[in-house]
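Only this structure's heavy atoms are used, side chains among them; waters, hydrogens and symmetry mates stay out. So that the names make sense, note that chain A is the first sequence line, chain B the second, and so on, each numbered from 1.
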Amino acid sequence: MDLVRDKVAGALHDALQQAKQKGLLTIEPFPIVSLDLPKRPEWGDLATTVAMTLASAEKRSPHDVAQIILDNLSSHTAVFDRVEIARPGFLNMTIKRNLWLEVLSEIAAQGQAYGRCDLGQGRRVLVEFVSANPTGPLHVGHGRGAAVGQALSNLLRAAGYDVVTEYYVNDAGRQMKLLGASVYARYLERHGRPVTFPEDGYRGSYIVQVADLVQERLGPVLLDLPAEQAEERCREMAAEHMLELIRQDLARFGVAFDSWFSEASLVNTGLVERVLDELRTRGLLFEEEGALWFRSSAFGDDKDRVVRKREGEWTYLASDIAYHRDKLMRRYDLLVDVWGADHHGYIGRMEATVQAYGHPKERLRVVLVQMVNLLRGGKKVEMSKRAGEFITMREVMDEVGADAAKFFFLMRRSDSHLDFDLDLAKQQSAENPVYYVQYAHARLSSVFRIAEERGIPVPQPHEANLDLLRDPDELSLIRKLSDYPSVVQGSAAALEPHRITFYLQELAGLLHTFYYKHRIMPVVVEDEPSEDRFATAGERVIKQRESVTPELTAARLVMMQQVQQVIKNGLSLLGISAPDRM
RNA sequence: GCGCCUGUAGCUCAGUGGAUAGAGCAUCAGCCUCCGGAGCUGAGGGCCACAGGUUCAAAUCCUGUCAGGCGCACCA
């Protein structure tokens, strides 16, 4: 919680406590005091609905309850300028300006740490994301998953969690076999051998490239091997190659993982069998029609699920159960899985798994990432995975850059469809929200550069007379800065990084408005216009003539430094750079 | 047929049970002798899909209906 909210909540808490002691209110149980930002300026800086929520239990009108709270609040003159009761029973509070100004010192003192909180209390959380099969290059959807996963990890870390990121590599099973077979087929084609391409094989052009690579490294030796062995060689080389490409793409995107976890390692070490034995001894597995089933319906899943097929092969679910069991054994307090939305049917299964091992289902939180529609020239770019025609993450990065891509991926709630306008993302103007926010940061860097050139010092908060900051535009900026820690906390708690993008756009907007209407440093040359040609231009006259004293410049520079700090902190949560020049 | 998600301004979307529902884009009307115009100001635009219910209070919670998306494999 932020500085101002903290004090206000404390004051309200005291008032309620006092009223209770005096027997004016029973207050049982003690309510959570909500603090909302009112929509209209005349409703003050903060509002609480606590009187209305208490009213029915107290058997009094909301207004009466509000009055009692107000009466017991009067001692807190250091916090409130004015507290008013509004219609049903809102308490509208106007906060002392001094308290708002303290926010600036707070930010200056905390710097990069401003916005962090202890929501997580050091609890260990594993964030698993991307986890794309190494059967091809990452596509746009994976890019969104990467952006969301990274932002979530940063957010949780800022909220006091001990975060580890992990990529689960699906390097076992049918898809990998198909990959090997597809590459082998292209390899044979290259040598003019007759082939029938595998029915569900991978048809992308990158498969041909892998086949070329195989040829380059091994030459024609595979032609003499039995098909099965040759395919396996192809599979190994292809998997290795693909994973390397994926790593490179992610690195260029600025996303690194603490850990890469191989599915094959689960199968090969026999962990899958051991883990399932554990379930069997607890009566959670049963055989039917020759297959082995997991009784997931006992834990709220729609139906039971097969873990071993009649032919004796493990299903994908089996290794996923083992994988999640392994994560739980690694003693994480919270598992966050970022999945493509088309996997949503899987949630019930995994929740059942977590519960089957004796954990509450809340220990697993699945964040679904919806599809991305790419738009170019206002038209949807068609993609077909089957034909191997899809826009890769690399292409998007090449076209718009990693920063813009991340910002766009994080502009919407992750579980809603995203229209990604490639033309807009490249555009360098106010219509492009990425530039809008980054520009605010660069603009301030420029201000500080010019201050330096002119020999104007940028003071520490205690060196400036912050009391000079009293313009409404200044106060709305400061209030916004003050709100930042609450936004971070809410965003982390809800696992919704898009809230940060919205916040940053709002903050940048306030900065740009302020910047246009006011001056930070005095005009260098005060040329008197010979005739007052701006006399009719309304607002502009104000700006032209706003005289800025050195003291006001100092105060505003302090404020601007904190604005810049918060923009930087926010962008860094999103994994986006905060440029000094653009 | 069953399940999950989504229906909010022309478009894309925010909106932690609270007051007269917001933003960006688009449209229209304006603004550069000035620290970066990559910017700013203003206007119009809404039966929050529909119908019930819970509540002092519903876009928000519940039920139903309609529409869209996605799942419903001994695929991954």
Side-chain angles (χ1 to χ4, degrees), chain A residues 34 36 38-40 43 47 49 52-53 55-56 61-62 86-90 92 133 135 170 173-176 178 200 289-293 302-303 305-317 319-320 340-348 368 370-371 375 378 411-413 415-419 421 424 427-433 435-436 438-440 442-451 453-454 456 490 493-494 496 498-499 501-502 505-506 509 512-525 527 529 533-534 537-540 543-544 548 553 560 581-582:
Chain A
S34 68
D36 308 311
K39 281 180 242 170
R40 301 166 70 84
W43 294 337
T49 58
M52 293 182 283
T53 55
S56 65
S61 76
R87 273 153 305 184
F90 289 98
N92 291 336
N133 293 356
T135 52
N170 295 122
R174 199 178 101 86
Q175 297 306 316
M176 292 309 291
L178 266 176
D200 300 322
E289 298 170 27
L292 189 63
W293 299 68
D302 304 341
K303 48 185 172 185
R305 310 286 175 175
V306 171
V307 289
R308 197 180 59 213
K309 306 176 204 171
R310 207 177 319 174
E311 305 88 68
E313 261 181 85
W314 295 115
T315 63
Y316 182 79
L317 176 62
S319 39
D320 237 4
D342 53 342
H343 288 64
H344 68 75
Y346 228 77
I347 295 177
L368 294 178
Q370 264 292 1
M371 276 176 46
L375 303 177
M411 256 188 337
R412 306 278 177 248
R413 290 174 44 152
D415 60 1
S416 78
H417 285 263
L418 174 71
D419 282 344
D421 188 331
L424 178 60
Q427 202 172 314
Q428 307 206 343
S429 74
E431 286 87 70
N432 183 345
Y435 283 89
Y436 189 78
Q438 287 185 321
Y439 177 51
R443 199 172 215 186
L444 290 175
S445 291
S446 167
V447 167
F448 297 128
R449 274 196 300 273
I450 288 178
E453 280 168 25
R454 290 212 219 156
I456 300 172
E496 291 184 349
H498 74 277
R499 297 189 192 189
T501 34
F502 275 86
Q505 291 179 81
E506 288 161 10
H512 289 310
T513 299
F514 176 87
Y515 189 87
Y516 181 79
K517 282 163 72 176
H518 305 278
R519 292 201 62 85
I520 296 166
M521 289 170 283
V523 182
V524 182
V525 190
D527 26 324
R533 51 190 289 214
F534 299 114
E539 292 261 310
R540 288 203 53 221
K543 173 164 179 174
Q544 266 305 307
V548 186
T553 292
M560 287 307 156
R581 283 195 165 84
M582 293 173 72

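Scanning for salt bridge (Lys or Arg N to Asp or Glu O under 4.0 Å) contacts around A/R305 gives A/D301, with sequence neighbours left out. Remark: A/M371 engages A/N373, A/H417 in a side chain to side chain contact (heavy atoms under 4.5 Å, CB included) (not counting sequence neighbours). Residues passing the side chain to side chain contact (heavy atoms under 4.5 Å, CB included) test with A/V447 are A/Y515, A/I520, A/M521, A/L557, sequence neighbours excluded. With sequence neighbours excluded, the residues that form a side chain to side chain contact (heavy atoms under 4.5 Å, CB included) with A/R174 are A/L178, A/D200. With sequence neighbours excluded, the residues that form a salt bridge (Lys or Arg N to Asp or Glu O under 4.0 Å) with A/R413 are A/D415. By the salt bridge (Lys or Arg N to Asp or Glu O under 4.0 Å) test, A/R499 pairs with A/E496, sequence neighbours left out. Legend: residues meeting side chain to side chain contact (heavy atoms under 4.5 Å, CB included) with A/S34, ordered by chain and number and at least two apart, are A/D36, A/T48, A/T49. For A/R40, the salt bridge (Lys or Arg N to Asp or Glu O under 4.0 Å) test picks out A/E42, with sequence neighbours left out. Judged as a ring-ring contact (aromatic ring centres under 6.0 Å, His included), and not counting sequence neighbours, the contacts of A/F514 are A/H518.
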Legend entry - B/S/- contact track for nucleotides 70-76 of chain B, protein heavy atom under 4.0 Å: BSS-BSB
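Counting only Watson-Crick and G-U wobble pairs whose two distances sit under 3.5 Å, RNA chain B takes part in these stems of three or more pairs: B:1-7 with B:66-72, B:10-13 with B:22-25, B:27-31 with B:39-43, B:49-53 with B:61-65.
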Could you list, one pair per line, each protein nitrogen or oxygen that sits under 3.5 Å from a nitrogen or oxygen of nucleotides 53-61 of chain B, together with the distance?
none

